[in-house]
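Accompanying notes for the structure given below.
A quick note: this is a predicted structure, and the numbers were derived from the prediction, not measured. Per chain, numbering begins at 1; letters A, B, ... match sequence-line order.
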Amino acid sequence: MADKVLMKGNEALAEAAIMAGCRHYFGYPITPQTEVAAYMSKRMPKVDGVFLQAESEIAAINMVIGVSSTGKRVMTSSSSPGISLKSEGLSYLAGCDLPALVVNVQRGGPGLGGIQPSQSDYFHATRGAGHGDFHMIVLAPNSVQEMVNLTFKGFDLADKYRMTSMLLADGTMGQMMEPVSLDQGVVNTYEKPWALTGTKCERKPNIVNSLLMDPETLERLNFERFERYAQIERDEVMYEEYLMDDAEYCVVAFGVAARVSKNAIDEARNNGIKVGMIRPITLWPFPKAVLNAAADKVKAFISVELSMGQMVEDVELATRCKKPVLLCNRVGGMIPTTKNVLDSINKAVEIGGAE
Amino acid sequence: MTVFEKPQALTEAPLHYCPGCTHGIIHRLVAEAIDELGIRGRTIGVASVGCSVFSYNYFNCDMVQAAHGRAPAVATGVKRSDPNNIVFTYQGDGDLAAIGTAETVHSAGRRENITVIFVNNAIYGMTGGQMAPTTLPGQVTQTSPYGRDVTKVGYPIKVCELLSNVDGAAYLERVAVNNVQNIKKAKKAIKKAFQNQIEGKGFSLIEVVSTCPTNWGMAPDKALNWLEENMLPYYPLGVYKDITAEEEK
């Protein structure tokens, strides 16, 4: 067991990226993720890496595209308004089948919003990250340790499937300090015969491109990409269950909402309510199967979110609306309290009991 | 005996450009420069959006296609990934001087060690002839049907003049491909822009004043005349900045 160090979430993910082999980082200052850029600006020169502060988030994501097209691990990070600007690049990364790690330490919106934690970019991350049909692998940490673990995981999955992994943290995860172990063992490497490394006048040129004027070809590539997505939905779903064995009520929450929910569940259990939690770690692929199976056992679900109710739609879809799904939410930078969640659990008991 | 051959740095793909379009000449000049400098095996090109989007099919080297205006940012990534790469962008006026203005100015500001080929034909060609940032005052286009009215839509952007005020820019030259003499000068400038990169001199941009017979609504020879009579007075040819010349002094 490696020694643990006390680190801030944003700095821990930055160090994890370097340990995962990332030597190129492009960013732009925005609260509450600026520590990532600050950390990278200190560390990258010491590992012969590249830190570059771009003129905009748009430029940063396109620099990411440039490095990724050469086959190297690369990342950028931002917070919600900046991620909106990166959307164009996210679509091009998908269209070009390029791997990258993009970190979103979310803050409240819409517009300039606020600088306090939020989860209201769930839709953007899981559905609408840009124009066209595509997905990103979306990883939702709920501790500084998971900021580290999922950074490694994100790079690995991005390379494995030639697509973007998004680390979708909330401001809390970026700002809080916890002891972490940075040692993640062996880092996988992947062959990238498609990468732009210069032909050396020995092979035909490689072309990284998302433009296909022939509709039949473009259709075929979309279908092929979605076959890959189907494989990811089969093989890469990650979630954590908490006290679900005998649960009659199921909380669904990720990130900081899951931490608050855990306290509420413990308290509800003290009151004799059999409640558990399914915590999605991958938001896409969403843990549909485990939720659908749970829907045959529990009386109701409570989706706890820092949004106006975004994941709740995925819970309803996954469970085919077999059981009521309640929403417990705070927004604008507010975090649900244990009491908020407890109240929602009690409400679920009323509804569940009535059925 | 000198045999006229196709440059190695061009593929066998037939160009899709309209009859009389000068993109073909400029492609050839870039390819000749790459061949003569012996850098094809380590050259990576960045295609932009517009008529030259398919340049990734024409240059016989590794190529990446960038989003509209973002070629200098993508090129920055490619170059920073491995400084041994020789990286060039090939961009039109809409791409470079409108939607990509920030990327252009800041890559110059960083003295990013890349080569930018900027083709200025004063119009958006691919989309069918709309007003460009470089459309001349009074020039009729699809979106300036009464002529570009500078009191309403403002003035063209002179890219070389603009960038000559950016400390980071290393070499800026405006050339044209309207006659043999100018084509020879253009070739020399383009080659120097690549040579600068090999020597690590930093950001070099060659603005190539060119024609768009189709969207200007002119026969190719008339278009060349129009270029001489209208574009060259507004966009004077010449070197706008050259740190290598300053170093030699």
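- Closest approach of A:Thr199 to B:Arg40, counting heavy atoms only: OG1-O, 4.0 Å.
- Summarising the local packing, OH of B:Tyr155 is surrounded by 12 or fewer heavy atoms from other residues, nucleotides or ligands at distances under 6.0 Å.
- For the pair A:Ile207 and B:Asn57, the minimum side-chain heavy-atom distance is below 4.5 Å.
- In this structure, CD1 on B:Ile44 lies 7.0 Å from OG1 on A:Thr70, to the nearest 0.5 angstrom.
- Between the side chain of A:His24 and the main chain of B:Arg80, a donor-acceptor pair closer than 3.5 Å is present.
- Chain A forms the most heavy-atom pairs under 4.5 Å with one residue out of B:Gly109, B:Ala75, B:Ala73, and that residue is B:Ala73.
- The shortest distance between side-chain heavy atoms of B:Tyr56 and A:Leu211 falls below 4.5 Å.
- No more than 12 heavy atoms of other residues, nucleotides or ligands sit less than 6.0 Å from atom NZ of B:Lys188.
- Formation of a donor-acceptor pair under 3.5 Å by the A:Lys200 side chain with backbone atoms of B:Arg42 is not found in this model.
- Sequence neighbours left out, the pairs with a member in residues 84-104 of chain A that pass salt bridge (Lys or Arg N to Asp or Glu O under 4.0 Å) are A:Glu88-B:Arg70, A:Asp97-A:Arg225, A:Asp97-A:Arg228.
- Put simply, the side chain of B:Met63 does not reach to within 4.5 Å of the side chain of A:Pro205, judged on heavy atoms.
- Taking chain A as the reference chain and counting heavy-atom pairs below 4.5 Å, the highest number among B:Asn60, B:Thr11, B:Asn85, B:Thr43 is found for B:Asn60.
- Annotation: A:Ile115, atom CD1; neighbour count of heavy atoms from other residues, nucleotides and ligands within 6.0 Å does not exceed 12.
- Residues of residues 42-65 of chain A that come within less than 4.5 angstrom of chain B, heavy atom to heavy atom, are A:Val50, A:Leu52, A:Glu55, A:Ile58, A:Ala59, A:Asn62, A:Met63, A:Ile65 in numerical order.
- Smallest separation of non-hydrogen atoms from B:Gly77 and A:Val67: O-CG2, 3.2 Å.
- Nearest heavy atom pair, residue B:Ala66 against residue A:Tyr92, reads C-CE2, 4.3 Å.
- Looking at A:Ser91, there are no atoms closer than 4.5 Å to chain B (heavy atoms on both sides), in backbone or side chain.
- Highest contact tally toward chain A, considering only B:Val49, B:Thr76, B:Val87, is held by B:Thr76 [criterion: heavy-atom pairs under 4.5 Å].
- Ionic pairing of A:Arg203 and B:Asp62 is present here: one or more N-O contacts between side-chain nitrogen and carboxylate oxygen are shorter than 4.0 angstrom.
- B:Val53 touches chain A through its side chain: at least one heavy atom from C-beta onward sits under 4.5 Å away, while N, CA, C and O do not.
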